[in-house]
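In what follows, a structure is listed as structure tokens, so that the remarks can point back to it.
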Amino acid sequence: MNFSEVFKQSNQLCRVSPDGKYLATCVQYRLVVRDVNTLQILHLYTCLDQIVHMEWSSDSLFILCAMYKRGLVQVWSLEQPDWYCKIDEGSIGLVSSRWSPDGRHILNTTEFHLRVTVWSLCTKAVSYIKYPKACQKGIDFSRDGCYMALAERRDCRDYVSVFVCDDWHLLRHFETETQDLAGVEWSPNGCVLAVWDSCLEYKVLLYSLDGRLLSTFSAYEWSLGIKSLAWSPSSQFLAIGSYDGKVRILNHITWKKVTEFDHPASINNTKAVVYKEVERKPVVGSADLSIQQHITMGSTLFNTQSKYEICPLPVQVPVVKPDLDRANPKVGVSSMAFSSDNRYLATKNDNMACVVWVWDMQRLGLLAVLEQTSAVRCFQWDPRRPRLALCTGNAKLYLWSPAGCVSVQVPAEGGFQVQSVTWHCSGDSLILLGKEQLCLCYMEVGEEEEEDDDVK
């Protein structure tokens with residue numbers, strides 16, 4: 001495993017192009033595009049204000065930079081560096097900007113969600129979509145880029161409109177059986193649209209492309225409901241995380257519950273392996289240090305090292321009792337992710353913030369538990385292999401695979417603390433983001449087979 005030098009970034013704005021060739025980063029009002037292999041700067045663009053959102057077009061030819069406070073969007077071209085586009089929403093304001101799947105239209109949501117404006121880069125045509133709803137996930141595109149689902153709110157009722165992305169004509173418009181719609185998400189195969197209610201009511205509705213209600217699922221009533229939702233890549237499973245600390249798995253044939261995964265405080269499942277991070281500080285005598293080493297005592301060389309140990313069962317998981325009198329209590333399943341081969345599901349329960357749970361979707365049971373010394377900030381699956389990367393806001397990168405676990409110190413100077421991790425689409429490297437810095441981690445071939453060495 002090798003690491004690159006450290007580069008500057010702002011607002012966690014660092015994106016790999018969809019074709020995997022380029023790395024775009026934002027530093028205040030500058031946009032820097034690098035070759036992802038050499039990290040040499042290819043293009044440097046200057047925006048009119050500090051960039052708060054950045055996104056690649058689907059064909060990796062354009063980059064969108066949004067400045068919400070000024071109501072501005074600037075678009076830059078990689079093929080023609082002198083060309084650029086500026087979209088000014090004016091006094092109506094701007095709260096969200098994103099690409100359409102074809103990479104030639106931009107969708108801007110105005111302040112107070114008064115409308116969605118569709119701008120065409122090719123014809124300069126402008127279209128308007130009224131009544132978008134301000135919610136957790138109000139817009140979603142099908143994986144093939146053909147359709148867009150939009151959550152709407154009219155006359156105190158929730159609706160969903162399905163648009164054809166080629167010419168933005170309305171395909172279907174239907175009312176949903178929700179009290180306060182919170183989000184919409186297409187299945188990966190584009191056949192089913194999941195719609196879920198706010199946390200005040202546990203309800204998931206599944207619609208076909210033509211607006212027919214296929215099924216409704218509700219696990220309980222009169223308590224905080226859904227907190228997260230995730231489709232498996234094959235569209236066979238829909239995982240629903242809720243405030244009661246459980247994940248319920250629906251199947252794609254009957255849309256009934258197949259099983260539910262609990263997150264108990266005491267683990268005694270003999271088929272599960274519990275990995276616990278154990279810290280140790282390197283013991284270095286002062287007589288063995290040169291003057292230069294004394295100067296660099298603050299570097300990562302002398303930071304706390306850690307490794308994983310396999311814990312004998314039963315294991316007590318640290319649980320934080322949430323303050324239920326405050327808004328947004330830290331309780332319930334907030335993060336879920338399926339591996340690319342559909343084999344595994346990773347989850348995080350917020351009142352067990354230091355723990356990641358890995359479930360085996362073939363035998364529908366707990367496979368592994370990773371207990372960290374700090375709260376888990378982010379986890380993400382390798383897009384090509386069953387390998388999970390996670391970080392906890394310190395100078396370490398953690399990896400899990402069926403072979404075992406490994407803790408890796410990031411050898412960057414200046415106290416680099418990993419806030420989030422993103423895999424390159426090839427699965428051969430990771431982008432590690434700190435508060436104002438980033439670096440790349442390159443995975444070596446055959447490394448996965450060696451991961452279990454660290455836990456023995």
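One is the number of the first residue; the rest follow in order along the sequence.
Side-chain contact check for Tyr128 versus Lys130: every heavy-atom pair is 4.5 Å or farther apart. Under the 4.5 Å side-chain criterion, counting only non-hydrogen atoms from C-beta, Asp140 is in contact with Glu185. Contact check for Ile249 versus Phe261: side-chain heavy atoms found under the 4.5 Å cut-off. Side-chain contact check for Leu440 versus Leu430: every heavy-atom pair is 4.5 Å or farther apart. Under the 4.5 Å side-chain criterion, counting only non-hydrogen atoms from C-beta, Met361 is not in contact with Gln236.
Counting non-hydrogen atoms of other residues, nucleotides and ligands closer than 6.0 Å to CZ of Arg363 gives a total above 12.
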Could you check Trp359 against Val247 for side-chain contact (heavy atoms from CB on, under 4.5 Å), going step by step and ending with a plain yes or no?
-> CA-CA 11 Å; Trp359 309 86; Val247 176; 5.6 Å; no
Let me see the working for Thr25 and Arg34 under side-chain hydrogen bond (donor to acceptor under 3.5 Å, both in side chains), right down to the final yes or no.
-> CA-CA 8 Å; Thr25 56; Arg34 301 176 188 272; 4.6 Å; no
Run the ring-ring contact (aromatic ring centres under 6.0 Å, His included) check on Trp400 and Tyr344 step by step: do they pass?
-> CA-CA 12 Å; Trp400 175 90; Tyr344 306 105; 5.5 Å; yes
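With sequence neighbours excluded, the residues forming a ring-ring contact (aromatic ring centres under 6.0 Å, His included) with His105 are Trp168, listed by chain and number. Residues forming a side chain to side chain contact (heavy atoms under 4.5 Å, CB included) with Asn268 (at least two apart in sequence, or on another chain): Pro314.
Under the 3.5 Å distance criterion, with hydrogens and angles disregarded, no donor-acceptor pair is assigned to the side chains of Tyr275 and Gln372.
Of the candidates Asn351, Thr347, Asp350, His263 forms a side-chain hydrogen bond (donor to acceptor under 3.5 Å, both in side chains) with just one, namely Thr347.
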